[in-house]
Amino acid sequence: MPEPSERRQFRRYPIQLPIVHKSKNPSSTVAGVGWTRDLSEGGACVELDRRLSGPAPLQVRLQTDRGAIDLEVQVVWEL
């Protein structure tokens, strides 16, 4: 069976950035913080301060040393 890294379309990079997230659902007040574990062109693995049920649209802000990056993302799966 191929290793997970062999099945991925995009290479993952071990980058840790602080993030702030909030739900895109108007009826939800879910908001919190977390960290990226790794990033790629096609996705990211993040560790959040709370458990989210996927799939869920989120507004995410990555904080880099060159400023913030705002993104709209989709939770695909969770551990």
Side-chain angles (χ1 to χ4, degrees):
M1 179 170 210
E3 291 295 317
S5 61
E6 294 173 10
R7 293 188 308 244
R8 294 193 185 279
Q9 182 178 0
F10 301 105
R11 183 174 175 195
R12 294 281 177 145
Y13 297 93
I15 299 171
Q16 291 187 323
L17 297 172
I19 64 172
V20 176
H21 66 88
K22 66 179 181 176
S23 175
K24 292 285 293 173
N25 184 343
S27 64
S28 176
T29 59
V30 173
V33 297
W35 292 90
T36 62
R37 285 185 164 182
D38 61 51
L39 299 173
S40 77
E41 289 183 50
C45 177
V46 298
E47 185 174 333
L48 302 177
D49 62 340
R50 66 189 66 222
R51 190 173 195 89
L52 302 176
S53 57
L58 294 176
Q59 179 70 35
V60 172
R61 173 171 281 187
L62 300 171
Q63 189 60 50
T64 74
D65 59 348
R66 294 185 179 211
I69 301 171
D70 292 318
L71 304 164
E72 290 186 20
V73 303
Q74 180 76 27
V75 175
V76 177
W77 62 275
E78 63 175 298
L79 291 177

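Treat the numbers as computed from the prediction; the structure is a model and nothing was measured.
Scanning for salt bridge (charged side-chain N to carboxylate O under 4.0 Å, His left out) contacts around Arg51 gives Glu78, with sequence neighbours left out. Under the salt bridge (charged side-chain N to carboxylate O under 4.0 Å, His left out) criterion, Asp70 pairs with Arg61, not counting sequence neighbours. Partners of Arg66 under the side chain to side chain donor-acceptor pair (under 3.5 Å) rule, at least two apart in sequence or in another chain, do not exist in this structure. Taking Glu41 as the reference, nothing meets the salt bridge (charged side-chain N to carboxylate O under 4.0 Å, His left out) condition, with sequence neighbours excluded. The side chain to side chain donor-acceptor pair (under 3.5 Å) check on Glu47 picks up Arg37, with sequence neighbours excluded. For the side chain to side chain donor-acceptor pair (under 3.5 Å) test, no residue two or more places apart in sequence or in another chain qualifies with Asp65.
The shortest distance between side-chain heavy atoms of Val75 and Leu58 falls below 4.5 Å. Counting heavy atoms from C-beta on, the side chains of Leu17 and Thr64 come closer than 4.5 Å. Looking at heavy atoms from C-beta onward, His21 lies in side-chain contact with Asp49 at the 4.5 angstrom threshold. Using a 4.5 Å heavy-atom cutoff, the side chains of Leu71 and Ile69 are in contact. Side chains of Ile19 and Val33 form no contact here, defined as non-hydrogen atoms less than 4.5 Å apart.
One hydrophobic cluster holds both Leu48 and Leu62 under the rule that ILVMFWY side chains link at heavy-atom gaps under 4.5 Å.
Its side chain outside the 4.5 Å cluster rule for every partner, Trp35 clusters with none of the Ile, Leu, Val, Met, Phe, Trp and Tyr residues.
Here the closest heavy-atom approach between residue Arg12 and residue Cys45 is recorded as NH1-N, 3.3 Å.
For residues 24-35, every residue pair satisfying the salt bridge (Lys or Arg N to Asp or Glu O under 4.0 Å) rule, not counting sequence neighbours, is listed here: Lys24-Glu72.
In this structure, the separation between CD1 on Ile15 and OG1 on Thr36 is 7.0 Å, given to the nearest 0.5 Å.
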